[in-house]
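Notes to accompany the following structure.
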Amino acid sequence: MGSGCDHPGWGSIETGGADMKIPVAAAIAIAFGLVVLAGYFLPLPELVSLRTILVQWSMIIASTALFVGVANLLRVHWFKLRKGGTASAYSFLLIASLLVTLVVVGLYGPTGSWSLWIFNSIQFPIESSLMAILAVVLIYSAARLMRRRMDLFSLLFGMAVLLVLLGSAPIFGIEIPFLYGPDGLRSLIVQIPAVAGARGILLGVALGTIATGLRILIGADRPYGG
Amino acid sequence: MNIVDILISPEGLGLVFLVVFLGSMIVFAVAGKNRPGQNLRGIVAFSRLGKAVGLAVEAGKRLHISLGWGGVSGMQGISGLLGLSVVERIARLASISDRPPVVSSGEGTLGILSQDTLSKTYRTIGEARQYDSGQGRVSGLTPFSYAAGVLPNIYDEQVSATVLAGHFGSEVALIADASERTDGLTLAGSDSIQAQAVMVAAAQEPLIGEELYAAGAYVNAGPLHASSLRAQDIFRWVLVVIILVGAALKLVGLI
Amino acid sequence: MADVRCPMCGKPNPEELELCQFCQARIKPLEGRSPAEEFNSPIGAEPPLDTGGEQDSIDEWLNFLRQSEDEGEPRPFDEEQLADWMKEDLDIKMPESQEPLEPEGTPDWLSSLRSIADEDAPEPPDVEKAQPAVEPSPADSSEENEVPGWLSKLRSRRTAEEGEADQEFAFQLGEEPKISEQAGIQEDRSAISTESVSDWLSELRGEEAPVVDSSQPPELVQEELPAGQVEIGEEVVQPGVGVVSQDEDIPVVEADRASEIQPQTEEIPDWLAGIVAGGAAVAAAEGVEADLDNLPEWLADLEKSSALDREEIVPFGEEGEELTFDWLQTQVRAGQETPYGEELTSDTLGTEADTRGVGPFVGDLSDFLEEAELSSLEAAQPGVEQPGGDLSPAELPTWLEAMRPVDAAAGVYAIDAQDGQVESSGPLAGMQGVLPAEPEIARLKKPAVYALRLQVTESQRAHASLLDELVKSEGEPKEIPGRPAVTSPYLFRLIIFAVLISTILWQVFTGSRTSPLPGLMPETFDTSEIIDNLPENALVLLGVDYDPALAGEMEAAAASLVDHMMLKGAYLGLVSTSSTGPALGEHLIATVGSLSGNRYQGIEMYANLGYLPGGASGLQAFAQAPRQVAPFALDPETTAVWSNTPLQAAQDLAGFDLVAVITDDSDKARAWIEQVQPTLNGTPLIMVISTQAEPLVRPYYQANPKQVDGMVVGLAGGGSYEQSHQDLLAGNGLARKYWDAFSLSVLAAVVLIAVGGFVNLVTNLLNAQKQSKADKKR
Amino acid sequence: MSLADMSLPDLVGTLLGFFLTLMVFSYAFGDNALFRATIHIFIGVSAGYAAIVAWYNVIWPQLFLPLVFGSQSERLYILFPLVLSGLLLFKASPRLSWVGSPAVAYLVGVGVAVGIGGAILGTIFPQTQATINLLDTGAGAPPDGSLLFFIAQGVLIILGTVTTLIYFHFGARNRVSGAPRRPEWVEFLARVGQVFIAITLGVIFAGVFTASLTAMIERVQFIYDVFVPLLTGQ
């Protein structure tokens, strides 16, 4: 199939269209995908229950994929460990902490005392500290925005950020009337333009999701089958 | 329940919507073949991405594509699958670079799919030997551990451009900030609106709203990418008309 | 009969041969070699006889000369050093028996040189053999014998070396020089050898030439002639500088070159200055009577013969070692006829071209230019007729060869003889070839160093050196410029971090509670109403769907609400769609317990149903069949919750009295609303959300009918809830604790973003302006 | 609660959390070894924890439990996911990776269908319905009679939603000179939509910042609560 539109700089692609040799994987994906889709839109009870079963099975297989992901993580860092250098020390820490956590949480269960000790002493403080560092990154990014892209969009974006932040708490204990509170400018901005824009973006994203999903279901895009 | 009841029920309407959408995609694809050259509005991000791929190959630097942690199920999963189309195109172009591209993901299935896509692409262009399974790697299995796991890739592996295409949360700001600290180009798009808000400030080339889903058409990933964009445009205007007419009728009290 | 190895080219030769059959170098050492010969033995040859310390001092003197030549400017010549060497030389084995033939007053060193030369001066076989048919004139033969042997040795050795150089030179050009060419090269070679002798002498002379103060008129120069300057007729001859007074044929030496040489002349002994003056100065072509009184006899005789024998100019050593003055003259005239730079004829250029043809950049650039200089030097003499064509060249010792100054300097002094102008006025009326005044003044600048060199203009030289640097720099590894550690973005990040941390620490340290909590908001009021209306021992499904990263905000927002439910005695069922959900649920319950002192423990009070994989589809499956999807609790006993806990009363989610979802992600909130809310059949759904999810969830709360019955939004929502229920969490609410730090740090953030944004905006505008100016200029 | 009342494990855990927080805060001064070590420990712990939770909540109760203790029908029920899960494990080895492709294809097919279904039934229909209902003066009108404000608010939100949708229109017409461009009226509506999008993303950015600022306050409070007792020896 010729390319309907050749965007400059990227060259056109000959294959990737409906290659006549449809592998087994494509057949599986298309068949089960259409069955589940039918379960959503055809009001037949059998189809609905079949869809529920297929979806539940996919949850079980997705959990197995999580273990394959853990194996991939271990393999990448195992090679880094064997390669040596400063990066190998970090990989050693990762592999050690992964194995210790598997053993302890496996023995005591996800909400066991020692499991919660690991979660509350290591994962929780590190993750919330990373979120705290995000505050510095976000202020820096917002300030640099005018240098990166100086246009109307960035100006409006910056103004909205400043107004909403100013209106989210009293300043030196003083509640600024027209800005703060349920009837202030901040609430107005959040409840009208923000909601409108959010709806428009969600509808646009939904259209894109449908288009991408249909391309995969008819076999035009085949991310599987490696 | 007769046909009319079925059709006006959500499921029925959904089915009609789906069938018409699919039909228009196929019609535009066939029509597009005879009348190539349907144009798209310019999106700066994709032309800069094309240049970035060329520069990376020339300078012997690496391209880093991040698929997020959305898995493959639901709306957040589909944005990850779209990222895989971008991976295929970039791997095809950048395979001749000294440092081939690296794909990082935050979920098991996406990790597997990124390896499959890379190996299939290298096999298609006859460079099967150049494929290394380490190029498709899982960096972490929770959102923030995934973002933390991507930082060493950016700092240590001479990355000149980072493409974020998939489902992210607000932690995407850490990745974009690391790319800026190493003077790399960041092109970012997501289905999550929180991630989009952060990308607008932190990334050099943010993709807003559904611009991420147009990536396939702008990187010439296949004929159906372009025709599905035309179908999206058609249904966009259908929704606009429905909202305006529906609101007017609602205001008047007719519905 | 054993073979002898040639000292020069190392090839084996039959023992009886004296000269090497390959390179004509001397194989058999001469008996009783004089120090001069030892001194002359080529560098690298077998070590000279041990002459005790003399060798070192001689080396010292030559190294000094060599250094002065390398540094380009003539260094002040240390008279004592020279004198010692000279003296030492003089003391060397003066054969007592031999009467010194020199006239009185001759310096010992020369006389000893002469005596040594006489002892060792058997007739050089090659010279005789090569001697053309021309018979030396009887007048000459006597002088010949007096010619010091050391000079004759210079000639023979010079011939040997030059022979090699020619072959090498020919080899470089890529073809064996043909016989005719060889003859030509021989001729050139002879010209060169005489010229190089003159160079050697001129250099020596150069060191002795007295300073000529060009600013003073010539007459004055006569009275104040410094020692060593000889007045020949009307011309004052400066050794090494040439004639100062006006005689056209006499080479004009730029004053500055003279001044350059000047400092060294006082130290050289008179006799040598005299010799040099006699030898170096060029007498007028015709009819110039040299002032012979001061000359040493042997030079004086030479002078006489040159005057008589104008036509038969015999190059040095050609006619049986007669050192005629004419040979010096010839050199000078040769220099005249093709002064460097002005009259190089095409064939000389041709020679140079050949040289260039060798590929100038094969070796180092300076080698090329040196070679080019050498070739141009050889080519400089085509026009000069060498009488007796096949005279073998004088042999210079290698140490002299090495000392040869840059020929360019010599060439500069070629005098332009064609200038036939006769002075009409002034003291020099009637004289020809008077030096134009202004050129001397005009030439007060340093002469072009490359006078006799390849015709390379300044720009060509610059290009050549540029290209050379390029070629050299190609191989050098270039360091990748490291990124500066401290940059403005780096500083800006540090400032932001410092301002935020110090602002928060100040409020935490002071523990201030001054900033008022937000008032009651409609969505918060609805939420508290719903919880207040809960029945006793209500069943509440608590969705814990936020990331540990946002636990700070979510716990501050939800703690008071959860405590409120606990106070109502509700039984909590915790469930999550993320893998960290179960642990976060436990953390939340523990935090509320520690703040309120109201310990919720054990399966009797709450059950942790764990993690629902698959996101929205998992939630949908749970909403449709909760008992199959989450059958057990995560407590150590993994209790079957639907049969052994109060949850047994709920067949499905509609069986719960309240569903409360705590989430930071709008997608998860939507998933709960779209997948779970339709199955609740009237059971209220309340949400505790992060501020970032507000714009997307609020429409569901504002919808009609409401899809979300109550909402608490972020820290402000939590504060508003605590404000409306002062008794919750025993007054230790997290929102109250963080609220003052939050309000001050938000203000600090606004200031940082505004100031930073303004600075970046101004910088961007300035850069854009600079860019547009640059574009306009281009 | 002061440090003295804590049990030993809790005390060690609190001190460990204290040092890990400081090591993460060091990232503000740039990438360094302490920060690298901390995030590698964090990645290992979170991956291990997620894997065990998946085992406890999915693999064990929904796959192995019925297989071992379940009835014949239950075993038959889980046979298909059991086989596909087995095939999927081959993806861990690069050489035998092709064996796992059917399982991956199944996950992709079902996932995409769930995505499409969710997009249509979970987003397009509800959002469109909600936007239309903004002008429902019957049910939606506020009780205190400010109908005008209600209608104005509704019209403004509808205008914002529609123009935001139009902003993303991709099709453009060729022009003699310059890049392809959309019709002028579409460009005008798109520019209005751009204003709404900028404000929306700005509001959400402020929300994300508020959440991260609250996290920083919580961490600083934690450091203060641990450091001061350590300093004063309580």
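A, B, ... follow the sequence lines: proteins, then strands. Residue 1 opens every chain. Note that these values count all heavy atoms, side chains included, but never hydrogens, waters or copies made by symmetry.
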D:Tyr56 versus A:Tyr108, closest heavy-atom pair with distance: OH-C, 4.4 Å
Options A:Leu156, A:Val205, A:Val137, ranked by heavy-atom pairs under 4.5 Å with chain D, top entry: A:Leu156
Side chains of D:Arg219 and A:Ser128, donor plus acceptor under 3.5 Å: yes
Aromatic ring proximity A:Phe32/D:Phe80, centre distance under 6.0 Å: yes
Largest heavy-atom contact set with chain D, pairs under 4.5 Å, which of A:Ala62, A:Ala194, A:Ala198, A:Ala142: A:Ala194
Closest heavy-atom pair and its distance - A:Ile201, D:Thr164: N-CG2, 3.8 Å
D:Leu134 portion near chain A, given a 4.5 angstrom heavy-atom threshold: side chain
Partner chain A: residue of D:Val45, D:Leu87, D:Leu15 with the largest heavy-atom pair count (under 4.5 Å): D:Val45
Between D:Glu218, D:Arg191, D:Gln62, the one whose heavy-atom pairs under 4.5 Å with chain A are most numerous: D:Gln62
A:Val136 to D:Met216 - nearest heavy-atom pair and separation: CG2-CE, 4.1 Å
Structural part of D:Val108 lying under 4.5 Å from a heavy atom of chain A: side chain
Nearest-0.5 Å distance that lies between atom CG in A:Leu98 and atom CD1 in D:Ile41: 12.5 Å
Contact origin within D:Tyr77 toward chain A - heavy atom pairs under 4.5 Å: both
Side chain / backbone / both / neither for D:Leu88 at chain A, heavy atoms under 4.5 Å: both
Contact class of A:Val70 relative to chain D, heavy atoms under 4.5 angstrom: side chain
Contacting region of D:Val162 [heavy-atom separation from chain A under 4.5 Å]: neither
Per-residue contact mode, D:Leu16 against chain A (heavy atom under 4.5 angstrom): both
Structural part of D:Val24 lying under 4.5 Å from a heavy atom of chain A: both
Heavy-atom proximity to chain A below 4.5 Å, by part of D:Leu121: side chain
Between D:Phe196, D:Phe209, D:Trp55, the one whose heavy-atom pairs under 4.5 Å with chain A are most numerous: D:Phe209
Contacting region of D:Val220 [heavy-atom separation from chain A under 4.5 Å]: neither
Contacting moiety of A:Val68, where chain D heavy atoms sit under 4.5 Å: side chain
Shortest non-hydrogen contact between D:Thr21 and A:Ser129, atoms and distance: CG2-OG, 3.4 Å
Heavy-atom neighbours of A:Phe92 CZ exceed 12 at 6.0 Å: no
A:Tyr40 side-chain N/O to D:Ala113 backbone N/O, donor-acceptor pair under 3.5 Å: no
Pairwise distance CZ(D:Arg36) to OG1(A:Thr86) - rounded to 0.5 angstrom: 7.5 Å
Heavy-atom closest contact (D:Ile59 atom, A:Ile60 atom, distance): CD1-O, 4.1 Å
CD1 on A:Ile133 to OG on D:Ser26, rounded to 0.5 Å: 7.5 Å
Closest-packed option against chain A by number of heavy-atom pairs under 4.5 Å, given D:Ile217, D:Leu156, D:Leu22, D:Ile120: D:Ile120
Minimal non-hydrogen separation, D:Tyr106 against A:Leu54, with atom names: OH-O, 2.8 Å
Spatial distance of atom CZ (A:Arg75) from atom OG (D:Ser93) [nearest 0.5 Å]: 8.0 Å
